[in-house]
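Computation of the quantities below employed the complete heavy-atom set of this structure, encompassing side-chain atoms and omitting hydrogens, waters and symmetry-equivalent molecules.
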Amino acid sequence: MQALIERIRSEGKNLGGGILKVDSIINHQLDPPLMEGMGKAFARRFSNVAIDRILTAEISGIAPALMTGIELSVPVVYARKKKPITMAGPVYLETAPSHTKGGETLLLVAAEFLHAGENVLIIDDFLATGQTLLALARIVASANANLVGVGVVVEKTFEGGRERMLEKHDVPIQALATITSMEGETITVREI
């Protein structure tokens with residue numbers, strides 16, 4: 001997605017250690033027209049896939065997932081990181097290591113929002129090591145639902161997440177922007 005790539009090039013910051021700061025694009029501030037474009041791009045890329053529901057992780061995955069849900073007219077469920085008192089009944093729980101926060105992150109989804117036999121598309125902000133996406137995929141499997149694809153706003157190919165996902169799940173993986181290297185202070189984005 002060219003508009004996203006241009007924004008990463010102009011506003012993204014390489015903080016070292018593989019950390020890409022894109023707070024002005026998705027992780028803190030949101031640009032509604034850019035988010036709308038992301039939703040349309042994901043909807044186009046998954047137009048040949050039957051999708052009943054979208055799953056994402058709180059918080060940065062919500063905006064692109066919601067915009068995709070609008071385009072596809074399907075519900076969006078996000079995995080919570082803390083269990084609110086309103087989340088009663090059976091819950092799917094997984095953990096994933098957090099590269100940016102350190103430690104393990106909880107991912108919880110109330111069973112009432114994922115159903116057996118549904119086709120679920122995962123949309124999230126990043127594909128780096130793949131650990132969060134693998135945890136979301138385990139939640140889909142726990143619900144006896146079908147993982148039918150993964151869409152990410154930014155993929156960092158040098159962290160091996162795509163390979164980890166494909167080892168476990170034979171589904172299409174679509175990235176709107178692909179970072180191939182973050183050496184020194186540079187950010188190398190693959191051309192479309």
Side-chain angles (χ1 to χ4, degrees), residues 1-47 49 51 53-82 96 98-101 105 107 109 113 120-133 135-136 148-159 161-162 165 172-192:
M1 184 178 156
Q2 195 60 41
L4 174 63
I5 291 169
E6 289 170 13
R7 293 286 296 276
I8 291 170
R9 286 186 173 137
S10 66
E11 300 171 41
K13 301 218 179 341
N14 181 347
L15 300 181
I19 305 292
L20 173 64
K21 181 178 179 178
V22 286
D23 287 5
S24 63
I25 301 169
I26 190 169
N27 297 117
H28 195 56
Q29 172 178 271
L30 300 174
D31 178 335
L34 184 63
M35 286 295 141
E36 182 180 28
M38 288 179 197
K40 290 177 188 289
F42 282 132
R44 277 193 307 275
R45 291 177 184 209
F46 291 102
S47 63
V49 178
I51 299 165
R53 192 171 303 266
I54 294 171
L55 176 64
T56 192
E58 187 178 44
I59 187 96
S60 297
I62 294 173
L66 178 62
M67 299 313 282
T68 306
I70 289 169
E71 291 297 319
L72 296 174
S73 296
V74 298
V76 175
V77 176
Y78 63 90
R80 307 286 301 252
K81 293 182 180 176
K82 285 179 94 172
S98 174
H99 191 56
T100 54
K101 294 178 184 78
T105 297
L107 296 170
V109 174
F113 298 119
V120 178
L121 172 66
I122 293 174
I123 299 286
D124 206 13
D125 59 344
F126 276 93
L127 170 51
T129 65
Q131 297 304 319
T132 299
L133 296 174
L136 291 171
V148 295
V150 174
V152 294
V153 175
V154 178
E155 177 181 2
K156 297 188 288 182
T157 59
F158 54 91
E159 293 194 39
R162 179 180 290 264
M165 280 297 297
I173 300 173
Q174 295 287 331
L176 300 182
T178 304
I179 309 296
T180 59
S181 173
M182 291 178 63
E183 298 295 323
E185 294 183 11
T186 64
I187 301 167
T188 306
V189 184
R190 179 183 297 155
E191 287 297 328
I192 296 176

Atom pair CD1 (Ile5) and CD1 (Ile8), whose distance is rounded to the nearest 0.5 Å:
7.0 Å
Verdict with reasoning, Thr129 to Glu159, per side chain to side chain contact (heavy atoms under 4.5 Å, CB included):
CA-CA 5 Å; Thr129 65; Glu159 293 194 39; 3.4 Å; yes
Apply the side-chain contact (heavy atoms from CB on, under 4.5 Å) test between Ile122 and each candidate in Leu136, Val148, Val152; give the one that qualifies.
Leu136
Find the distance between OG1 (Thr180) and CD1 (Ile187) and round it off to the nearest 0.5 Å.
11.0 Å
Leu4 and Ala177 have their tightest heavy-atom pair at CD2-CB, 3.7 Å
Could you pull out the closest heavy-atom pair between Lys156 and Phe126, with the gap in Å?
CE-CD2, 4.3 Å
Any non-hydrogen side-chain atom of Glu36 less than 4.5 Å from a side-chain atom of Ile70?
no
Selection residues 8-27 - residue pairs positive for salt bridge (Lys or Arg N to Asp or Glu O under 4.0 Å), sequence neighbours left out
Arg7-Glu11, Arg9-Glu191
State the CG-CD1 distance between Leu72 and Ile51, to the nearest 0.5 angstrom.
5.0 Å
After noting the C-alpha distance and the side-chain angles of Leu127 and Ile173, does the key distance pass the side chain to side chain contact (heavy atoms under 4.5 Å, CB included) rule?
CA-CA 10 Å; Leu127 170 51; Ile173 300 173; 3.9 Å; yes
To check you understand the geometry: which heavy-atom pair defines the closest contact between Phe42 and Pro64, and what is its length?
CE1-CB, 4.4 Å
Interatomic distance, Leu15 atom CG to Met182 atom CE [nearest 0.5 angstrom]:
7.0 Å
Test log, rule side chain to side chain contact (heavy atoms under 4.5 Å, CB included), inputs Met35 and Met67:
CA-CA 7 Å; Met35 286 295 141; Met67 299 313 282; 3.9 Å; yes
Mind listing the closest non-hydrogen atom pair of Thr132 and Ala96 along with its distance?
CA-CB, 3.8 Å
Is it true that a side-chain atom of Thr157 and a backbone atom of Ile179 form a donor plus acceptor pair closer than 3.5 Å?
yes
Main-chain N/O of Gly184 paired to Asn14 side chain as donor or acceptor, under 3.5 Å
yes
Checking the side chain of Glu71 only, and the main-chain atoms of Gly39 only, is there a donor and an acceptor separated by less than 3.5 Å?
no
Could you measure the distance from the CG atom of Leu133 to the CE atom of Met165? Nearest 0.5 Å is fine.
5.5 Å
What distance do Leu176 atom CG and Asp125 atom CG have between them, rounded to the nearest 0.5 Å?
11.5 Å
Over all heavy atoms of both residues, which pair between Gly61 and Asp124 is shortest? Give the atoms and the distance, please.
CA-OD1, 3.5 Å
Test item: Thr56 side-chain N/O and Ile123 main-chain N/O as donor-acceptor pair under 3.5 Å
yes
Looking at Gly151 and Leu121, what are the two nearest heavy atoms and their distance?
N-CD1, 4.4 Å
